[in-house]
Amino acid sequence: MKVIADMPVGFGEPHYVQMIKLSRFTSAIDVYQPGTDALTMTSSSVATAAGQQRIERDGTKVHVYMTAMRSHFSPDVIRVKKGDHVVIHVTSIEQTADATHGFAIPGYNIQLSIDPGEVLTAEFHADKTGSSAFYCTEFCSALHLEMQGWLLVEP
Ligand SMILES: [Cu+2]
């Protein structure tokens with residue numbers, strides 16, 4: 001491949017430009033099919049459709065099957081006990097290109113960026129009692145700042 005430009009931008013960070021024939025992009029998509037695992041490009045076994053959101057407890061393991069759609073997460077309250085292992089599967093049920101959502105729980109170092117139709121999973125050990133806000137970290141719409149919920153960890 002031939003480099004056609006090589007230039008420093010700002011303080012010397014290199015940026016390279018290459019050309020690729022458009023014909024090479026034969027399977028380009030705008031959005032994932034709803035419930036896609038983007039790593040395998042297959043339907044995710046933990047995908048959640050609208051109306052199927054739920055929280056399931058199995059001993060000390062809590063699975064949250066969540067959807068993200070402008071401008072809310074569902075469920076938007078997750079109640080667990082200190083010591084639980086929490087697994088949150090977030091399915092973006094968006095089908096609008098560029099309507100990316102984020103999902104962050106800062107106190108647990110969780111940060112996801114979820115493309116339309118994509119399913120991503122975050123898991124953590126709920127080791128702190130109290131309430132933590134979770135919220136969207138991608139500017140998704142005029143109501144983006146409303147896109148939040150609560151993780152409640154009971155003693
Ligand atoms: Cu948002």
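Note that the structure is predicted; figures quoted are calculated from it, not measured.
- Linking Ile, Leu, Val, Met, Phe, Trp and Tyr whenever their side-chain heavy atoms come within less than 4.5 Å puts Phe124 and Met66 in one cluster.
- When each of His89, His63, His85 is paired with Glu123, the side-chain contact (heavy atoms from CB on, under 4.5 Å) condition holds for His85 and for no other.
- Nearest approach of Met147 to Ala68, heavy atoms of both residues: CE-CB, 3.9 Å.
- By the criterion of side-chain heavy atoms lying less than 4.5 angstrom apart, applied directly or through intervening Ile, Leu, Val, Met, Phe, Trp or Tyr residues, Met69 is not grouped with Ile114; the two fall into different hydrophobic clusters.
- Environment of CZ in Arg57: crowded, with over 12 heavy atoms of neighbouring residues, nucleotides or ligands closer than 6.0 Å.
- Summarising the geometry, atom CG belonging to Leu112 is positioned 5.5 Å from atom CG belonging to Leu120; distances are rounded to the nearest 0.5 Å.
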Side chain to side chain contact (heavy atoms under 4.5 Å, CB included) assessment of Tyr32 paired with Val119 = CA-CA 10 Å; Tyr32 294 111; Val119 182; over 6 Å; no
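- The environment of Gln95 atom CD is dense: over 12 non-hydrogen atoms of other residues, nucleotides or ligands sit within 6.0 angstrom.
- In summary, the side chains of Glu146 and His72 do not present any donor paired with an acceptor at a separation below 3.5 Å, with no hydrogens or angles considered.
- Using a 4.5 Å cut-off between side-chain heavy atoms of Ile, Leu, Val, Met, Phe, Trp and Tyr, with links allowed through other members, Ile105 and Tyr65 fall into different hydrophobic clusters.
- Remark: His101 NE2 to Ser71 OG distance equals 7.0 Å, nearest 0.5 Å.
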request  = Might you work through the side chain to side chain contact (heavy atoms under 4.5 Å, CB included) test for His144 and Cys136, ending with a clear yes or no?
outcome  = CA-CA 7 Å; His144 163 68; Cys136 179; 3.5 Å; yes
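- Residue Asp127 places its CG atom among more than 12 non-hydrogen atoms of other residues, nucleotides or ligands, all under 6.0 Å distant.
- Looking at every heavy atom in both residues, Arg70 comes nearest to Thr96 through NH2-OG1, 3.1 Å.
- For the residue pair Glu138 / Ser113, a side-chain donor-acceptor distance below 3.5 Å is found, with atom types taken as modelled.
- Going from atom CD of Gln52 over to atom OG of Ser74 covers 11.5 Å, rounded to the nearest 0.5 Å.
- Across all their heavy atoms, Ser92 and Pro116 have their closest contact at OG-CA, 3.6 Å.
- With hydrogens and angles disregarded, a donor-acceptor distance shorter than 3.5 Å links the side chain of Ser44 to the backbone of Val46.
- Rounded to the nearest 0.5 angstrom, Lys82 NZ and Thr60 OG1 are separated by 14.5 Å.
- The shortest non-hydrogen separation linking Pro75 to Phe134 is O-CZ, 4.0 Å.
- Placement of Val64 and Trp150 in two distinct hydrophobic clusters is found when ILVMFWY residues are connected by side-chain heavy-atom separations under 4.5 Å, directly or transitively.
- Between the side chain of Tyr108 and the backbone N or O of Lys128 there is at least one donor-acceptor pair closer than 3.5 Å.
- Note on Val87 and Val90: separate hydrophobic clusters, where clusters join Ile, Leu, Val, Met, Phe, Trp and Tyr whose side-chain heavy atoms are under 4.5 Å apart, directly or indirectly.
- To the nearest 0.5 Å, atom CG of residue Asp115 and atom CD1 of residue Ile29 are 9.0 Å apart.
- The nearest pair of heavy atoms linking Phe73 to Tyr135 is CE1-C, 3.8 Å.
- Of all non-hydrogen atoms in Asp84 and Lys81, the two that sit nearest each other are OD2-N, 2.8 Å.
- In this structure, Gln53 contributes its side chain and Gly51 its backbone to a donor-acceptor pair below 3.5 Å.
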